[in-house]
Participant: 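To start, I am sharing the structure in question, which I have written as structure tokens.
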Amino acid sequence: MNAMKQRSLAILVSMVLALIMVVAAGCPTAQAAQLEKARAGTYYPYTLDGREYTIGVSARGTQGHNYYCRQIAMETDYITTDSVVMASDDTSRRLAWLINGNRLKTDALLHAAIGVLVHRAYDDQTVWSRHETYLFGTYAGLEQKVNELWKEAAANVCDSMVVTRENTKGLSEGDVNIMARNANGDSLAGIRFTAVISGPAVFDNDKAKVTGVTAKEAQRLHWKATGSGDVNVQVTYKRLALEQATTAQQMVTFDDQTQYSADLLTFDVVMPTHPRISTTVASKQVDAGQEVRDTVRLDMPEGQTWPEGAAYQATGWYFDGLEGERLGQRIVPDDGEDAQTFIARLAMAGYTPSAYGSITLNAQQPQREALAVTQPSGSTAYAARGDGGFGTWVWAIERDLQTDAVKRTLEGDVVSAFLDAEETNVNRARLEVRSKADRQTATIGQEISDSITVSGFPDDHGTFSGNEDYGFGADTPYAQVSVWWAADDCEPDTHEEPEEDDNHRLIGTWDYPAVSGTFRVGDGEKDAHGNPVHISAQQSGWYVFVWKYEGDSRVGAAVSSYADELERVRVVAADEMQMPKTGSSFMLALGIVITALATGAFMLFAVQRR
């Protein structure tokens with residue numbers, strides 16, 4: 001009886017084991033100790049030669065990784081005993097990219113296509129080919145999806161990282177160009193990389209290490225020499241790998257990113273001198289007719305010294321007549337752009353020099369003052385235009401103008417920017433004012449007025465709001481007209497206005513636009529604020545009109561003379577016949593006297609003839 005029970009139990013165990021082996025054939029979905037069932041919607045079931053199989057995701061790891069069967073003829077127990085990262089090649093990289101990128105999707109057709117690609121790459125094709133043919137005939141669209149996925153992976157998987165170099169300034173500066181390429185040889189964006197430079201050079205961040213992301217165009221990492229010698233550039237990046245997991249049969253899944261290195265780039269660098277030129281205008285404001293001077297300085301970067309006995313010839317160009325709205329619109333020489341090309345580019349933009357400068361600088365005299373002259377290498381000093389426009393300098397160390405000894409220390413021209421704040425001044429306008437009282441004499445109670453003509457203001461005066469960065473204030477919008485009273489015995493005889501006292505009193509002051517033109521003051525004419533101005537002579541004496549402007553960054557100060565005979569009115573009582581001491585009224589009275597005397601003489605002559 002016991003022997004019979006033992007035989008029955010042995011038969012039962014054999015049947016159970018056989019059933020497990022049948023169900024597990026062809027990557028079936030069965031309970032496992034370490035791997036979970038594939039989720040519904042991530043595989044297709046099929047039957048071939050009376051045996052059930054699945055194509056697509058075969059199992060799911062505890063970390064959410066999808067596992068795909070790679071041996072259709074083998075059975076699995078879903079217990080992983082070993083795993084290894086597979087050798088990297090185009091096929092493994094494409095499959096890893098597909099498995100990783102689609103791990104969260106529920107799409108049976110998609111995962112079945114990935115399963116086909118895995119079997120096509122790693123299964124025994126004498127066995128697998130029948131299954132592939134059957135599947136393509138059973139599931140519509142599967143073959144097309146397989147082909148689409150393979151092309152998609154080829155376009156998006158990093159096959160290689162190409163690293164090249166080009167010099168931009170001799171052997172002292174250049175670019176490392178980094179581009180990722182796919183299996184088709186096309187550029188690939190989105191691949192993170194790290195570049196490390198070793199030797200006497202650094203990247204633009206003054207460090208030996210830079211991280212970045214590839215783009216469709218080559219990523220340029222600029223480097224500069226810190227000395228002379230050999231330099232190496234190593235570029236590393238990560239890409240997905242394929243992992244093989246061993247159960248009773250073999251499966252594949254993706255591995256986390258693995259570090260790869262591009263080919264080592266090696267080149268030589270040389271450290272030349274890199275002088276820096278800077279200038280400061282001698283005066284921010286230059287009045288009409290004055291000379292224009294500039295202080296020019298040449299410095300060597302920290303860690304570099306002046307070449308022994310070297311003297312650098314500096315060339316300057318001065319531009320004037322610039323509008324206020326141009327301030328802040330700096331134009332900087334392009335990398336490697338020589339001075340003459342830069343000056344030609346400025347001319348294309350509408351800027352041509354009005355004056356020139358030149359000076360020699362060396363270690364003993366690294367800073368000197370230069371004079372603006374009318375011609376290159378000339379000696380006639382340039383005189384400021386006095387138009388209220390702005391002026392600026394550009395200075396350069398032109399390599400071709402240097403001695404052979406200095407040329408060897410330079411890779412190219414050293415050129416300053418156009419419209420640097422320190423290099424910019426203003427040519428202040430000079431004003432002229434002419435005025436005449438509308439009447440030279442008046443009686444107490446009458447209204448008096450003056451006509452004033454001003455010239456010299458820039459046409460756009462009043463529109464410039466100033467620029468703190470350049471050190472220029474806004475246009476002062478108003479000039480002032482003051483009317484003074486002086487006692488009868490205090491005829492004006494000084495250029496300056498008097499102090500108020502018993503014999504001098506300020507009647508009033510009014511604002512008028514600070515622009516060129518003719519203005520009437522009094523007789524109800526309006527001031528700058530639209531208010532009518534009336535000036536009534538309330539007592540006898542002298543009434544004097546004085547126009548004045550305090551000046552601003554673009555225009556010099558100006559004032560009319562308090563002693564100007566044409567700007568004053570003599571006021572007397574209506575019944576008083578006092579002869580004016582000066583002015584046109586005196587000349588009129590003198591003319592009447594002369595006429596009377598002439599008439600009397602003529603009549604006396606006529607009487608004597610009779």
Participant: Could you tell me whether Phe418 and Phe319 have their ring centroids closer than 6.0 angstrom?
Facilitator: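 Ring-ring flag for Phe418/Phe319: true, centres closer than 6.0 Å.
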
Participant: Just do the side chain to side chain contact (heavy atoms under 4.5 Å, CB included) check on Thr164 and Met179 with the steps written out, would you?
Facilitator: CA-CA 9 Å; Thr164 60; Met179 178 179 287; over 6 Å; no

Participant: Is it true that atom CG of Asp501 has more than 12 heavy atoms of other residues, nucleotides or ligands lying nearer than 6.0 Å?
Facilitator: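 More than 12 within 6.0 Å, yes.
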
Participant: Would one find more than 12 heavy atoms of other residues, nucleotides or ligands at under 6.0 Å from atom CD of Glu432?
Facilitator: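 At most 12 heavy atoms, drawn from other residues, nucleotides or ligands, come within 6.0 Å of this atom.
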
Participant: Do Asp527 and Val481 have side chains that get closer than 4.5 Å, going by heavy atoms?
Facilitator: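 Of all side-chain heavy-atom pairs linking Val481 with Asp527, none is under 4.5 Å.
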
Participant: Would a distance-only check, ignoring hydrogens and angles, find a side-chain to backbone donor-acceptor pair under 3.5 Å from His461 to Asp475?
Facilitator: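 No; judged by distance alone, with no hydrogens or angles, the pair does not exist.
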
Participant: Is it true that a side-chain atom of Asp413 and a backbone atom of Arg399 form a donor plus acceptor pair closer than 3.5 Å?
Facilitator: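 Answer holds: yes.
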
Participant: Of all the heavy-atom pairs spanning Ala563 and Arg568, show the shortest one and how long it is.
Facilitator: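 Shortest heavy-atom contact: O-NH1, 3.6 Å.
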
Participant: Will you find, in the side chains of Glu422 and Ser278, an N or O donor that is under 3.5 Å from an N or O acceptor?
Facilitator: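 Per modelled atom types, Glu422 and Ser278 side chains form no pair under 3.5 Å.
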
Participant: Would you compute the distance between atom CZ of Arg439 and atom OG of Ser449 and round it to the nearest 0.5 angstrom?
Facilitator: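 These two atoms lie 7.0 Å from each other.
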
Participant: Search all heavy atoms of Ile277 against all heavy atoms of Ala314 and return the closest pair with its distance.
Facilitator: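 Reported closest heavy-atom pair: CD1-CB, 4.3 Å.
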
Participant: Could you walk me through whether Asp287 and Arg430 pass the side chain to side chain contact (heavy atoms under 4.5 Å, CB included) check?
Facilitator: CA-CA 7 Å; Asp287 290 327; Arg430 178 186 295 162; 5.7 Å; no

Participant: Determine whether the aromatic ring centres of residues Phe390 and Tyr470 are separated by less than 6.0 angstrom.
Facilitator: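 Not close enough - the centres of the two rings lie 6.0 Å or further apart.
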
Participant: Let me know which of Asp204, Thr168, Asn177 forms a side-chain hydrogen bond (donor to acceptor under 3.5 Å, both in side chains) with Arg220.
Facilitator: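 Single pass found, and it is Asn177.
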
Participant: Any donor and acceptor pair, going by atom type alone, linking the side chain of Ser536 with main-chain N or O of Gln538 inside 3.5 Å?
Facilitator: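 No; zero donor-acceptor contacts below 3.5 Å.
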
Participant: May I ask you to test the Trp484-Leu506 pair for a side-chain heavy-atom distance under 4.5 Å?
Facilitator: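 Yes, close enough: below the 4.5 Å cut-off.
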
Participant: Report, as yes or no, whether the 6.0 Å neighbourhood of atom CD on Glu468 holds more than 12 heavy atoms from other residues, nucleotides or ligands.
Facilitator: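 Atom CD in Glu468 is not packed in, count stays at 12 or less.
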
Participant: Ignoring hydrogens and geometry beyond distance, is a side-chain donor-acceptor pair present between Glu423 and Thr279 at under 3.5 Å?
Facilitator: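 Looking only at side-chain atoms, Thr279 and Glu423 do form a donor-acceptor pair, the distance falling under 3.5 Å.
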
Participant: Is a donor on one side and an acceptor on the other found under 3.5 Å between the side chain of Ser416 and the backbone of Trp395?
Facilitator: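 Yes, Ser416 side chain to Trp395 backbone: donor-acceptor pair under 3.5 Å.
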
Participant: Rounded to the nearest 0.5 Å, how far apart are CG of Asp334 and CZ of Phe342?
Facilitator: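 It is 8.5 Å, given to the nearest 0.5 Å.
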
Participant: If I compare all heavy atoms of Ser553 with all of Val426, which pair ends up nearest, and what's the gap?
Facilitator: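 Looks like O-CG1, 3.1 Å.
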
Participant: Any chance the side chains of Thr194 and Thr211 put a donor and an acceptor closer than 3.5 Å?
Facilitator: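 Per modelled atom types, Thr194 and Thr211 side chains form no pair under 3.5 Å.
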
Participant: Taking the six-membered ring where the residue is Trp, are the ring centres of Trp223 and Phe203 under 6.0 Å apart?
Facilitator: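 For Trp223 and Phe203, the ring centres are not under 6.0 Å apart.
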
Participant: Donor-acceptor pair, distance only, cut-off 3.5 Å: does the side chain of Asn362 make one with the backbone of Ala311?
Facilitator: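 Not confirmed, Asn362 side chain does not pair with Ala311 backbone.
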
Participant: So, do Thr360 and Gln365 sit near enough that their side-chain heavy atoms are less than 4.5 Å apart?
Facilitator: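 No, too far: nothing below the 4.5 Å cut-off.
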
Participant: For a quick test of reading the model, state the closest non-hydrogen atom pair linking Gly556 to Leu431 and the distance between them.
Facilitator: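 Heavy atoms only, the tightest pair is O-CD1, 3.9 Å.
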
Participant: Backbone N or O of Thr476 within a donor-acceptor pair of the Asp552 side chain at under 3.5 Å?
Facilitator: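 Yes; judged by distance alone, with no hydrogens or angles, the pair exists.
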
Participant: Glu496 versus Val559: any side-chain heavy-atom pair under 4.5 Å?
Facilitator: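 A side-chain contact is absent here, since even the closest heavy-atom pair is not under 4.5 Å.
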
Participant: Mark yes when over 12 heavy atoms from residues, nucleotides or ligands other than Arg330 sit less than 6.0 Å from its CZ; otherwise mark no.
Facilitator: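 Counting other residues, nucleotides and ligands, CZ of Arg330 exceeds 12 neighbours.
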
Participant: Cation-pi check for Trp542 against Arg570: NZ or CZ below 6.0 Å from the six-membered ring centre and within 45 degrees of the axis, yes or no?
Facilitator: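 Satisfied, under 6.0 Å and within 45°.
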
Participant: Taking the inter-plane angle between the rings of Tyr562 and His504 on a 0 to 90° scale, is it parallel (under 30°), tilted (30 to 60°) or perpendicular (over 60°)?
Facilitator: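 Tyr562 and His504: tilted rings.
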
Participant: Could you state the interatomic distance from CG (Asn425) to CH2 (Trp393), rounded to the nearest 0.5 Å?
Facilitator: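 Going from the CG atom of Asn425 to the CH2 atom of Trp393 covers 9.0 Å.
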
Participant: Please walk me through it: do Ile507 and Arg505 pass side chain to side chain contact (heavy atoms under 4.5 Å, CB included)?
Facilitator: CA-CA 6 Å; Ile507 302 300; Arg505 185 171 65 254; 4.2 Å; yes

Participant: So, His222 side chain and Gly174 main chain: donor-acceptor pair closer than 3.5 Å or not?
Facilitator: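 At least one qualifying donor-acceptor pair exists.
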
Participant: Do Thr392 and Arg326 come within less than 4.5 Å of each other through their side chains, counting heavy atoms only?
Facilitator: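 No, too far: nothing below the 4.5 Å cut-off.
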
Participant: When you look at CG of Asp335, are more than 12 heavy atoms from neighbouring residues, nucleotides or ligands closer to it than 6.0 Å?
Facilitator: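 No, the 6.0 Å shell around CG holds no more than 12 heavy atoms from other groups.
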
Participant: Would you say that more than 12 heavy atoms from the other residues, nucleotides or ligands in this model lie under 6.0 Å from the CG of Asp459, or not?
Facilitator: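 No, not enclosed.
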
Participant: Could you go through the side chain to side chain donor-acceptor pair (under 3.5 Å) check for Asp450 and Tyr543 one step at a time?
Facilitator: CA-CA 11 Å; Asp450 192 28; Tyr543 286 77; over 6 Å; no

Participant: Trp317 and Tyr351: aromatic ring centres closer than 6.0 Å?
Facilitator: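 No, they do not, as the ring centres are separated by 6.0 Å or more.
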
Participant: Side chains of Thr315 and Tyr356: does their closest heavy-atom pair fall under 4.5 Å?
Facilitator: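 Side chain of Thr315 against side chain of Tyr356, heavy atoms only: no contact under 4.5 Å found.
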
Participant: So how far is it from Leu566 CG to Ser451 OG, rounded to the nearest 0.5 Å?
Facilitator: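 Output value for this atom pair is 11.5 Å.
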
Participant: How many angstroms lie between NE2 in His529 and OH in Tyr512, if you round to the nearest 0.5 Å?
Facilitator: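 Here the interatomic distance stands at 10.0 Å.
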
Participant: So which heavy atom on Ala381 is nearest to which on Thr374, and how close?
Facilitator: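 In terms of heavy atoms, the two residues are closest at O-CG2, 3.9 Å.
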
Participant: First locate atom CD of Glu217, then atom CD of Gln219, and finally report the distance between them rounded to the nearest 0.5 Å.
Facilitator: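 Atom-to-atom, Glu217:CD and Gln219:CD are 9.5 Å apart.
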
Participant: Less than 4.5 Å apart, any side-chain heavy atom of Lys436 and any of Thr453?
Facilitator: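 They are not in side-chain contact.
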
Participant: Please check if the side chain of Gln402 supplies one atom and the backbone of Gln313 the other of a donor-acceptor pair under 3.5 Å.
Facilitator: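 Yes, the answer is positive, given that a donor and an acceptor are paired below the 3.5 Å cut-off.
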
Participant: For Lys407, does the NZ atom have more than 12 heavy-atom neighbours from other residues, nucleotides or ligands under 6.0 Å away?
Facilitator: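 Above 12, so yes.
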
Participant: Look only at the side chain of Gln440 and the backbone of Glu565, and say whether a donor-acceptor pair between them is shorter than 3.5 Å.
Facilitator: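 It does hold such a pair.
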
Participant: Do Asp523 side-chain atoms and Glu525 backbone N/O form a donor-acceptor pair below 3.5 Å?
Facilitator: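 Flag not set: sc Asp523 to bb Glu525 has no pair under 3.5 Å.
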
Participant: May I have the step-by-step check of salt bridge (Lys or Arg N to Asp or Glu O under 4.0 Å) for Asp460 and Arg554, ending in yes or no?
Facilitator: CA-CA 11 Å; Asp460 65 345; Arg554 298 204 298 154; 3.1 Å; yes

Participant: What heavy-atom pair brings Pro366 and Trp306 nearest, and what distance separates the two atoms?
Facilitator: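 Of all heavy-atom pairs spanning Pro366 and Trp306, the closest is CB-CZ2, 3.9 Å.
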
Participant: So do the side chains of Asp294 and Val281 get within less than 4.5 Å of each other, counting heavy atoms only?
Facilitator: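 Side chain of Asp294 against side chain of Val281, heavy atoms only: contact under 4.5 Å found.
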
Participant: Could you walk me through whether Leu322 and Leu419 pass the side chain to side chain contact (heavy atoms under 4.5 Å, CB included) check?
Facilitator: CA-CA 10 Å; Leu322 306 178; Leu419 269 178; 4.0 Å; yes

